[in-house]
Amino acid sequence: MVIDTLENWKRTHDCGSLRIEDERKEVLLMGWVNSRRDFGNLIFIDLRDRDGITQIVFDPQAEKQSHEKAHVLRNEWVIAVKGVVTKRLEGQENENMPTGAIEIVVKELKILNKTEVPPFQVDGAVDASETLRLKYRYLELRRPKIFRNFKRRHMMAACIREYLNTRGFLEVETPILTKSTPEGARDYLVPSRVSEGMFYALPQSPQLFKQLLMVAGFEKYYQIVRCFRDEDLRADRQPEFTQVDLEMSFANEDDVMNVFEGMVKKLFKDILDRDIVDPIPHMEYSEAMERFGTDRPDTRFGMELKDISGIAAGCGFKVFKGAVENGGVVKAINVKGAVSDFSRKILDELSAYVAGFGAKGLAWIKVNDDAWQSPIAKFFTDEEKTSIEETLDAGTGDLLLIVADKPSVVYQSLGALRLNIAGRLNLIPEDRFDFLWVTKFPLVEYDEDEGRYQAIHHPFTAPLNEEVFLLDENPDKARSRSYDLVLNGVEVGGGSVRIHDMAMQEKIFNVLGISKEEADSKFGFLLEALRYGAPPHAGMAIGFDRLVAIMSGVDSIREVIAFPKTSSASCLLTNAPSMVDDDQLKELGLAIKEK
RNA sequence: GGGGGCGUAGUUCAGCUUGGUUAGAACGCCGGCCUGUCACGCCGGAGGUCGCGAGUUCGAUCCUCGUCGCUCCCGCCA
């Protein structure tokens, strides 16, 4: 069979746009055969391109030659047709298709390409495994439903650029081959050929460069930028990902938050035609931890953590009492009306679930009409029971779940349990977008393994002015001028006011146990720059992939990245990473260790 | 680094609990019939290294161990 050439054929329309108003127009469409229905005489083809599907008809009475030619057509062949937009017969309209009122009666057909039988059906009647879909990613991307995600992603990027451009921000590109800074995530390294034995690193973020741009006087910078982190993957973590990165001079935290708040407001309006809650509520880190057990609370539902340490301290149950005596806490959640939903087996599962976060046990209480049904009921007096019920706003039919441990374990396990149960009971409202600013994170935390303090955000984050005095004696009590943007329990972004004063920066390095020599070798260029008239500045970055994923209603950022990697960081399409020639290694002065 | 799940026609899955006949179904594919379908219909057909390796056994898709791949989670991700 001979493949036709395009010659001077030009498309007049896409496959999603023709309507009844276009009746009798001569049109030329091109696309892929989505499906065919061949009656021997009459042949129907659903023709698909990225914009939609249009039904085309081959009728031997209308045009004999192309009808004969059309018998060989198969799914996913590429064709072009000239024909006439025709109103469908009475009662034959398809209301499920935007183009369902019309069809194209074909006068001329060109077969532009045929195909081998695809490894999976592009029309999606039977879904394929992700392994196969990633190997033949270009076929999956052909699916209109997936294509829509990328169209949305493109429109979001355009919307962000427009928003920031009109506010005086400059998009500036920063280096991809840069210097390794072993604070934080593991770097991807790139060996240097010219300087044998030395390495570049791919940036985890443009953090240091954007601060240099502030010293340079650019004042307002942004970049939609690829970042790289060599850490294990998750559904919402890829080794390379895209950030909307921004930095402003002469600005404080409110200025930065206002810019991003306006940006997401515009995004939701322009892309989804939705109004988000305005203004976005703020919550301090400490409150988020107390109420939700996490620094990124999902505020779409309740079931908040309640503290019963006070009651537990005096009760007869040694596990609770002991936890409080050892500096721990006792906290609980109330699963409203859930008594009958949770069998002993499920409670055991939940107990195992919190054990994964280090909790030694999960105490449960079923509040029945007359009494508590619970393995620990006998340890509590009537007054204590009443007091616990009041604290938890508990009544008949409620299930109370309690963890007693050191604070970090209690927060983490109950915070995760709250989400787990909300998922099981379908308590999370779909189609809601709850934004939240979480502010005033601790500046540093003590790292037991390394025996020193570590920056929670990064070492250039400014402490709260009124808490600077804490740095000498109790650095872990000091809080920072930082802020995270949370959407539906997902951290979509974060930032901080930076340190622009050399003396303060040295103080922080001191707290972090970073010697002058170490600081100089790692980021001496930044420290030096701070000496030459650095303006006060602040900034933020949001995870673009995550935001697109949430706004597209998909669970994994792989759905909104054109060519994503698997959870072992490999690309099934190209088979990267791969071995390289010995010659290449030799040029770089590298050798692979024998196994 | 650790834990859970999955791996059987081109694809999605069943079969494995309790080892034993010709390993099935749906979709897809190939051939035939069909003038109003849109998940077209009807008739017929082809298509299998049961991920890979070892072990147990008279006999392994099935049991055991190892290994590889995918996936979810913990650690990790300043």
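First the proteins, then the strands, lettered A, B, ... as listed; each starts at 1. Side chains included, hydrogens not; waters and symmetry mates left out as well; all remaining heavy atoms used.
Place A:Asp232 and A:Gln207 on RNA chain B by their nearest nucleotides, and A:Asp232 ends up nearer the 5' end. When the nearest nucleotides of RNA chain B are assigned to A:Ala569 and A:Arg186 by heavy-atom distance, the more 5′-ward of the two goes with A:Ala569.
The distance from atom CG of A:Asp295 to atom P of B:rC77 is 14 Å, rounded to the nearest whole Å. When rounded to the nearest whole Å, the span between CZ of A:Arg137 and C1' of B:rC70 equals 15 Å.
Within the 4.0 Å cut-off from OP1 or OP2 of B:rC76, not a single side-chain nitrogen or oxygen of A:Arg229 is found.
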Solution key, residues 350-360 of chain A side-chain donor-acceptor pairs under 3.5 Å, sequence neighbours excluded:
| unit_1 | atom_1 | unit_2 | atom_2 | d |
| --- | --- | --- | --- | --- |
| A:Lys360 | NZ | A:Asp405 | OD1 | 3.4 |
| A:Lys360 | NZ | A:Asp405 | OD2 | 3.2 |

Close N or O pairs between protein and nucleotides 4-10 of chain B (under 3.5 Å):
| unit_1 | atom_1 | unit_2 | atom_2 | d |
| --- | --- | --- | --- | --- |
| B:rG10 | O2' | A:Pro119 | O | 3.1 |

Can you check nucleotides 71-73 of chain B for protein contacts, nitrogen or oxygen pairs under 3.5 Å, and list what you find?
| unit_1 | atom_1 | unit_2 | atom_2 | d |
| --- | --- | --- | --- | --- |
| B:rU71 | OP1 | A:Ser567 | N | 3.4 |
| B:rU71 | OP2 | A:Ser567 | N | 2.5 |
| B:rU71 | OP2 | A:Ser567 | OG | 2.6 |
| B:rU71 | O3' | A:Arg558 | NH2 | 3.4 |
| B:rC72 | OP1 | A:Arg558 | NH1 | 3.2 |
| B:rC72 | OP1 | A:Arg558 | NH2 | 2.7 |

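Between the CG atom of A:Leu29 and the CD1 atom of A:Ile45 there is a distance of 13.0 Å, given to the nearest 0.5 Å.
The base-pairing partner of B:rU67, taking Watson-Crick or G-U wobble contacts with both distances under 3.5 Å, is B:rG51. When Watson-Crick and G-U wobble pairs are counted only if both distances are under 3.5 Å, B:rA9 pairs with no nucleotide at all.
The side-chain hydrogen bond (donor to acceptor under 3.5 Å, both in side chains) test applied to A:Thr99 returns no partner, not counting sequence neighbours. Looking at residues two or more places apart in sequence or on another chain, you find a salt bridge (charged side-chain N to carboxylate O under 4.0 Å, His left out) between A:Asp520 and A:Lys516.
Counting only N and O atoms by type, the side chains of A:His458 and A:Arg498 include a donor and acceptor under 3.5 Å apart.
Among the atoms of the strands shown, only primed sugar atoms or phosphate atoms (P, OP1, OP2) are found under 4.0 Å from some heavy atom of A:Ser129.
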Under a 4.0 Å heavy-atom criterion, the protein footprint on nucleotides 33-38 of chain B, written with B, S and -, is -BBBBB
